[in-house]
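Notes follow once the structure below has been shown.
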Amino acid sequence: MKIKQGFVLRKVAENYIVVPVGEMAKKFNGVIKLNESSAFMWKKLEQGIEFNDLVKALTEEYDVDTTRAENDAKAFTDALRQANVAE
Amino acid sequence: MKKYKMANVVFGAQYNFPFTEFFLKDYSYDGNEDVEFVVSINANDIEFERALTPEFCDDELENVALFRKLCDCLLDKKDIILFHSSAITVDDRAYLFTAPSGTGKSTHTRLYKEYFGDRFAYVNDDKPFIKIENDSVVVYGNPWTGKHALGNNISAKVNGICKLAQAKKNAIRKMQSDETLLTLLDQTERPRNIEMMDKLLTILEKMVKLVPSFYLECDISYDAVTTSYNAMKGDNCEN
């Protein structure tokens, strides 16, 4: 899965936000607010990453078991797909 | 080319319609400083605007095109942003009231004018310029003052930012930094590319850090005015 072109992640005053720029700004009319762990996942997805590798990265970065990581990753990637932000 | 000065920036403007010259007259500049950039409007710019607002006639389109290009240059070259808000001063300290169009910013600030009388002034009731200067947020007037044409060629340090919502009772609270950031982002022009977006976010981040922000639920009354003013004025104001 990979985040589509045209989104920019920035840390601004302790908050992570994603804003669309250029052509994407015409299609995506909003701002995405991320917490620390979803910002971590976002950065991985910007490069393009397989689901299982994303889960593995989460378990390595955070003190969580695989099941928890899988659930969180699935929830996040589902939301991104639904919002047409990643494919 | 005619010279103008807005937000302390001297620039040149090339345009075609007498209406534009009349519109900009309060900001014309006849000093010796060189222009930092020139904004010129051609037929392509007019057609670009016509596609967005086909109901406007050519001189209105030129006006909008000029504003768009000017805002672009101000952000790109001078780190100055546009912020959709009603910007006013009380005792020469500025307060920015922000909300989606139609919520009641102008109504609230009109009550400020009635309540504070001579202590009050409009900077810009619709789209003032904002610049960070030496750890202060400064708001500047410009000719694009919105529906009611309320504004002056003045500037002031911003003491507080207030987001408004309509309510039956008046209540105010501080906003958290993430709320403030999203509020500010919502009411600024979205830049077209990453470099400009980075500039904008840097400026917004400083605004969040330098100026206290509040969320006001209010009705249409002087009580609403005192509720917002008392929260925002800070300890260094007497009354």
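The structure displayed is predicted, hence computed values, not measured ones. Lettering of chains follows the sequences in order, A, B, ..., and the numbering in each one begins at 1.
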Within 6.0 Å of CD in B:Gln176, more than 12 heavy atoms from elsewhere: no
Chain A interface, residue from B:Leu204, B:Thr202, B:Ile194, B:Thr180 that has the most non-hydrogen pairs under 4.5 Å: B:Ile194
Aromatic plane relationship, B:Tyr15 with B:Tyr4 - under 30° parallel, 30 to 60° tilted, over 60° perpendicular: tilted
Whether A:Phe28 and A:Phe7 hold their rings parallel, tilted or perpendicular, with breakpoints at 30° and 60°: perpendicular
Pair B:Trp144-B:Phe23, ring pair (Phe, Tyr, Trp, His ring centres under 6.0 Å): steps then yes or no: CA-CA 9 Å; B:Trp144 290 275; B:Phe23 185 85; 5.4 Å; yes
Side chain / backbone / both / neither for A:Val12 at chain B, heavy atoms under 4.5 Å: both
B:Leu184 vs B:Ile161 side-chain heavy atoms within contact, under 4.5 Å: yes
So for [X], is it side chain, backbone, both, or neither that comes closer than 4.5 Å to the heavy atoms of chain A?
{"X": "B:Asn193", "result": "backbone"}
{"X": "B:Arg190", "result": "side chain"}
{"X": "B:Leu185", "result": "side chain"}

